[in-house]
Amino acid sequence: MSVPHMDPDEFRRAGHAVVDWIADYWATLEQRPVASADPPGTVASALPAAPPTVGEPIEAVLPDLDSIVVPGLTHWQHPGFFGYFPANTSGPSVLGDLVSSGLGVQGMLWATSPACTELETVTMDWLAQLLDLPPRFRSTGAGGGVIQDSASSATLVATLAALHRASGGRWRDAGIDRRYRAYTSVHGHSSIEKAARIAGLGTDGVRAVDVDPATQALLPDALRAAIEADLAAGDVPAIVVATIGTTSTTAVDPLPEIGAICAEYGIWLHVDAAYAGSAAVCPELRWSHAGLEYADSYCFDPHKWLLTGFDCDAFWVADRGELIEALTVLPEFLRNAASESGAVIDYRDWQVPLGRRFRALKLWFVLRWYGAEGLRAHIRSGVALAARFADQVRSDDRFELAAAHPFSLVCFRLRADDDTNAELLARVNRTGRAYLTHTRVNGRYTLRLAVGSPQTAERHVDEAWALLTRAADDLLPR
């Protein structure tokens, strides 16, 4: 019995159909509701209870994409999607991913696909140059960059390297032998707590440090006090995670002061710039990275605001030797002459999984297609649209801004109680024309409008404001 593989000619025909389908989807996004209003179980109930016995052509699959899958999506590329943070993709990114999938290489070692490793190393050095990161993060010195799947994985890897350092190397073999501590602001990402749990510190091992109520940024004096208290109790401070662009409000922690404290106590400093790191492609926004020279590791997500599809987190370390020593495991079946020569990078030693996809291709395609000027134009557009929306908020005295908006996120609220603000959000989202999310700032329910889709223009921001003011007219008349 012959196996019905898709031959190159069949793939070519099906591939054209799929690319056409994606292009049509992008072209019609604005006409679709941003999010599905269907109840849970709608998609599952529309699917057959068993897989097909006989294979079907792509021409049979695409109609089901239209009738079953797409109506159940939240459209993250929609010009009216303003929720969470952006999850950008772009044509060049999709094409780079297509090439990666077509090649199907395994990049765990240099020897398993040399180009997979070397293109990633050079692309990460390009990106470091584009963001003007400190020289210590370049592969030409002791540091270097690697693509992780997400900032969550970057935080975990940084935590493991920090434990290795803090234990003097004992952690790798003996495990957790003392109480180690991690520090971040009360607005630090939830992945910091998850990393601490996975690493064996437990939730109680994370010290949530107070922030300045005006700026929402970590207070250095509070950090120092927490470290001193733990030292007095016989605990070992292992890692501080500072944030450039917190999830709630995009607050920027004061890296120069935090870095000096970490240097004083010998604590690993990891800087999480998952969202806002992309802003550093613009020279005028690099103020947010002042003090980064203190960091032992740094990451940001090109898959958020830099037009590169998920998953793609850019992670750098100042000393790759520490990271490799903490994570390397070398079974006999992976031994090879190139690795033993010490002349190559094996990225399996820079991450938790052994295997790795050729993710650098989509980032390389994006950098090649847009260039520095195109990427800066994209970031500046988002910042300008957010500023436009913030001006509209200021123009209506029923509303107030809840935090500064240095990037493309605006936090705002009605001058009303939490329930009224929650109802405002629900009414706007029910229209299907815009989608926003919420947080709490100084304990109060606050709406978030995050600009990021490459399709978003002034008219989409203005429409969101019109929806908000119409809903406010019903809830809180002038």
Side-chain angles (χ1 to χ4, degrees), residues 30 34 78-86 88 212-217 244-252 275-276 278-288 304-305 376-416 418 420-429 431 433-442 444-478:
E30 189 168 352
V34 184
H78 195 289
F81 182 88
F82 301 112
Y84 306 104
F85 278 137
N88 288 164
D212 184 327
T215 65
Q216 304 298 307
I244 299 174
T246 57
T247 303
S248 282
T249 66
T250 64
V252 176
Y275 158 72
S278 297
V281 302
C282 299
E284 70 272 17
L285 294 173
R286 289 180 188 154
W287 59 265
S288 60
K304 280 190 168 68
W305 197 15
R376 287 170 185 150
H378 171 65
I379 296 298
R380 287 167 178 154
S381 172
V383 173
L385 289 173
R388 178 184 180 89
F389 180 80
D391 286 343
Q392 291 170 324
V393 172
R394 292 187 190 94
S395 72
D396 189 328
D397 59 12
R398 296 174 299 173
F399 289 85
E400 62 182 347
L401 293 173
H405 52 92
F407 306 112
S408 69
L409 171 72
V410 181
C411 294
F412 66 102
R413 53 180 282 119
L414 275 173
R415 299 179 190 272
D418 286 356
T420 303
N421 276 281
E423 178 60 21
L424 174 68
L425 178 64
R427 290 191 183 196
V428 169
N429 286 350
T431 67
R433 298 304 307 153
Y435 186 86
L436 284 69
T437 51
H438 83 282
T439 187
R440 286 190 178 272
V441 178
N442 294 328
R444 300 194 303 170
Y445 192 100
T446 301
L447 281 66
R448 300 169 73 260
L449 182 138
V451 180
S453 168
Q455 296 202 40
T456 301
E458 286 185 357
R459 70 178 186 277
H460 303 111
V461 170
D462 292 347
E463 181 179 9
W465 177 243
L467 293 171
L468 285 158
T469 54
R470 282 201 293 269
D473 288 340
D474 294 335
L475 294 168
L476 200 67
R478 294 181 188 271

Begin from the C-alpha positions of Phe399 and Trp465 and carry the test ring pair (Phe, Tyr, Trp, His ring centres under 6.0 Å) through to its verdict. CA-CA 11 Å; Phe399 289 85; Trp465 177 243; 5.0 Å; yes
Verdict with reasoning, Leu468 to Gln392, per side-chain contact (heavy atoms from CB on, under 4.5 Å): CA-CA 11 Å; Leu468 285 158; Gln392 291 170 324; over 6 Å; no
Worked verdict on Asp473 versus Arg398 for salt bridge (charged side-chain N to carboxylate O under 4.0 Å, His left out): CA-CA 10 Å; Asp473 288 340; Arg398 296 174 299 173; 2.9 Å; yes
Between Val441 and Arg444, is a side-chain contact (heavy atoms from CB on, under 4.5 Å) present by the stated rule, with each step listed? CA-CA 5 Å; Val441 178; Arg444 300 194 303 170; 5.9 Å; no
Applying side-chain contact (heavy atoms from CB on, under 4.5 Å), run through Phe81 and Val451 and close with a yes or a no. CA-CA 8 Å; Phe81 182 88; Val451 180; over 6 Å; no
Test side-chain contact (heavy atoms from CB on, under 4.5 Å) on Ser288 and Phe407 and set out the steps. CA-CA 10 Å; Ser288 60; Phe407 306 112; 3.8 Å; yes
Begin from the C-alpha positions of Asp397 and Arg415 and carry the test salt bridge (charged side-chain N to carboxylate O under 4.0 Å, His left out) through to its verdict. CA-CA 8 Å; Asp397 59 12; Arg415 299 179 190 272; over 6 Å; no
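A donor-acceptor contact closer than 3.5 angstrom links the side chains of Thr437 and Arg448. Judged by distance alone, the side chains of Glu30 and His460 do bring a donor and an acceptor atom under 3.5 Å apart.
Shortest non-hydrogen contact noted between Thr446 and Ala402 is CG2-CB, 3.6 Å. Between Cys411 and Ser248, the closest heavy-atom pair is SG-O, 3.2 Å. Nearest heavy-atom pair across Asn88 and Pro454 is ND2-CD, 3.8 Å. Nearest heavy atoms, Ala457 versus Leu385: C-CD2, 3.9 Å.
Atom-to-atom distance recorded for His405:NE2 and Phe389:CZ is 10.5 Å, nearest 0.5 angstrom. Atom OG of Ser278 and atom NZ of Lys304 lie 9.0 Å apart (nearest 0.5 Å). Rounding to the nearest 0.5 Å places OG1 of Thr246 at 11.0 Å from OH of Tyr275. To the nearest 0.5 Å, atoms CG (Leu409) and OG1 (Thr250) are separated by 5.0 Å. For the atom pair CG of Leu475 and OG1 of Thr420, the computed distance is 6.5 Å after rounding to the nearest 0.5 Å. Going from atom OG of Ser408 over to atom CD1 of Ile379 covers 7.0 Å, rounded to the nearest 0.5 Å.
When the options Val428, Thr439, Leu425, Leu414 are evaluated for a side-chain contact (heavy atoms from CB on, under 4.5 Å) with Leu447, the one that passes is Leu425.
Ring geometry for Tyr445 versus His438: interplanar angle under 30°, hence parallel rather than tilted (30 to 60°).
A salt bridge links Asp418 with Arg413: the closest approach of a Lys/Arg side-chain nitrogen to an acidic carboxylate oxygen falls below 4.0 angstrom. One finds no salt bridge joining Arg376 and Glu284 here, because no Lys/Arg side-chain nitrogen approaches an Asp/Glu carboxylate oxygen to under 4.0 Å.
At least one side-chain heavy atom of Arg380 sits less than 4.5 Å from a side-chain heavy atom of Cys282. At a threshold of 4.5 Å between non-hydrogen side-chain atoms, the residues His78 and Gln455 do not count as touching.
Residues satisfying the side chain to side chain donor-acceptor pair (under 3.5 Å) test with Glu463, not counting sequence neighbours, are Arg433. When the side chain to side chain donor-acceptor pair (under 3.5 Å) test is applied to Asp212, no partner is found at least two apart in sequence or on another chain.
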